[in-house]
Amino acid sequence: MKNNKMLSLNIQMFAESETVTQTGDKTEVAGTIPVVKNENAEAKTFTQEEVNAMLAKEKNKMPNKEELKAFNDWKESQKTEAEKNKEILEENSKLKYQLNVYENLNKIENAGVDKKFAKFILSEISGKEGEIEDLVEDYIKINPQFLTSKEEPKKSTGFSQNNTSQIKSEEQAYLDKKYAKNPYYKQK
């Protein structure tokens, strides 16, 4: 047989002195508005027109571009001279930092480091004391794999390059011999 009596719980929440009483479908917290749980409530569905109307209503509450610009102008005019100078100094320091980073990356690349590893090397040597050129030189001595290779890798065209049975025509041989010293002539 089931016991149909309602349970009453006294629970202390969040280490405060409020008491929670739970009875059936109501939960009450002493000193606050009662919370009603309705498990039988149906979900409300809206048509697209109703949703569009609600969105339009909310959009009308938002300021337009002119009002927003006027507010931002007013907000800017309320700043003191010290606040304006502080913003300018902050922007100046950001730009100086970016310039310093790009100059250091340029110095690293000029030291013969492959461009794709320049940021990595800069991050590796950034916390060390000394001139950037000396730090890069020391780092490259330890890690020469980051240098650019002198040889260009051969690019595959997808065709076999081992065909040596190709015979030049007499006309092509004549032109190759005649223009051998011409730097603009490409031999075929």
Side-chain angles (χ1 to χ4, degrees), residues 11-22 26-39 41-153 155:
I11 301 173
Q12 184 178 3
M13 297 180 65
F14 305 107
E16 292 182 9
S17 63
E18 293 181 347
T19 305
V20 175
T21 306
Q22 185 173 12
K26 285 189 177 182
T27 303
E28 293 184 13
V29 178
T32 62
I33 300 173
V35 178
V36 177
K37 294 181 185 177
N38 190 355
E39 296 171 358
E42 293 181 25
K44 174 86 169 118
T45 57
F46 297 96
T47 64
Q48 187 63 46
E49 292 82 24
E50 291 173 329
V51 171
N52 290 342
M54 287 187 279
L55 289 174
K57 185 178 178 182
E58 290 298 318
K59 190 175 182 181
N60 288 336
K61 293 179 182 178
M62 299 295 293
N64 60 26
K65 290 181 182 179
E66 293 82 26
E67 291 171 340
L68 191 59
K69 184 180 183 315
F71 173 74
N72 286 334
D73 291 343
W74 172 83
K75 189 175 167 184
E76 188 70 29
S77 70
Q78 298 299 312
K79 291 182 181 176
T80 64
E81 195 66 31
E83 290 173 337
K84 291 178 184 177
N85 287 339
K86 181 180 176 186
E87 287 178 0
I88 291 171
L89 289 174
E90 287 173 357
E91 181 68 21
N92 191 14
S93 79
K94 286 179 188 177
L95 291 173
K96 281 182 180 180
Y97 175 76
Q98 288 177 347
L99 179 65
N100 188 25
V101 167
Y102 288 123
E103 286 175 346
N104 288 342
L105 285 174
N106 190 26
K107 289 175 184 177
I108 290 172
E109 290 173 14
N110 288 339
V113 173
D114 195 354
K115 187 175 184 171
K116 60 185 173 187
F117 298 118
K119 286 184 181 178
F120 171 74
I121 292 176
L122 181 61
S123 69
E124 289 290 309
I125 63 175
S126 64
K128 299 180 181 176
E129 293 292 323
E131 292 294 319
I132 187 79
E133 292 86 2
D134 298 333
L135 295 172
V136 170
E137 186 178 319
D138 293 341
Y139 191 82
I140 290 174
K141 285 179 185 175
I142 298 169
N143 302 295
Q145 70 269 21
F146 296 120
L147 291 173
T148 55
S149 60
K150 301 293 182 196
E151 294 180 18
E152 289 292 320
K155 295 181 180 176

Looking at [atom1] of [X] and [atom2] of [Y], how far apart are the two atoms once the value is rounded to the nearest 0.5 Å?
{"X": "Ile125", "Y": "Asp138", "atom1": "CD1", "atom2": "CG", "result": "9.5 Å"}
{"X": "Lys69", "Y": "Asn72", "atom1": "NZ", "atom2": "CG", "result": "8.5 Å"}
{"X": "Asp73", "Y": "Gln78", "atom1": "CG", "atom2": "CD", "result": "11.5 Å"}
{"X": "Thr148", "Y": "Glu109", "atom1": "OG1", "atom2": "CD", "result": "10.0 Å"}
{"X": "Phe120", "Y": "Asn143", "atom1": "CZ", "atom2": "CG", "result": "7.5 Å"}
{"X": "Asn92", "Y": "Leu99", "atom1": "CG", "atom2": "CG", "result": "10.5 Å"}

Close side-chain approach of [X] and [Y], heavy atoms under 4.5 Å:
{"X": "Asn104", "Y": "Val136", "result": "no"}
{"X": "Asn64", "Y": "Glu67", "result": "yes"}
{"X": "Ile142", "Y": "Tyr139", "result": "no"}

### Query
Do other residues, nucleotides or ligands put more than 12 heavy atoms under 6.0 Å from Lys84 NZ?
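Yes, the 6.0 Å shell around NZ holds more than 12 heavy atoms from other groups.
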
### Message
Heavy-atom count check: over 12 atoms from other residues, nucleotides or ligands less than 6.0 Å from Glu90 CD?
### Response
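Enclosed.
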
### Query
Are Lys107 and Glu103 close enough for a salt bridge, meaning some N to O gap below 4.0 Å?
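No, this pair does not count.
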
#### Entry: Those residues that, when tested against Thr47, pass side-chain contact (heavy atoms from CB on, under 4.5 Å) (two or more places apart)
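Testing Thr47 for side-chain contact (heavy atoms from CB on, under 4.5 Å), a comparison that skips the adjacent residues, returns Glu49, Glu50.
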
### Task
Using the six-membered ring of Phe46, assess whether NZ or CZ of Lys44 lies under 6.0 Å from its centre and within 45 degrees of the ring axis.
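Geometry flag: set, cation within 6.0 Å and 45°.
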
### Query
Does Lys96 offer a backbone N or O that forms a donor-acceptor pair with the side chain of Asn100 under 3.5 Å?
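Judged by distance alone, no pair lies under 3.5 Å.
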
### Query
Do the side chain of Asn60 and the main chain of Ala56 share a donor and acceptor less than 3.5 angstrom apart?
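Yes, the answer is positive, given that a donor and an acceptor are paired below the 3.5 Å cut-off.
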
### Among Leu122, Val113, Ile132, Asn110, side chain to side chain contact (heavy atoms under 4.5 Å, CB included) partner for Leu105
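It is Leu122, the one option of Leu122, Val113, Ile132, Asn110 that forms the side chain to side chain contact (heavy atoms under 4.5 Å, CB included) with Leu105.
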
### Query
With no hydrogens and no angle check, do the side chains of Gln48 and Asn52 hold a donor and an acceptor under 3.5 Å apart?
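Yes.
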
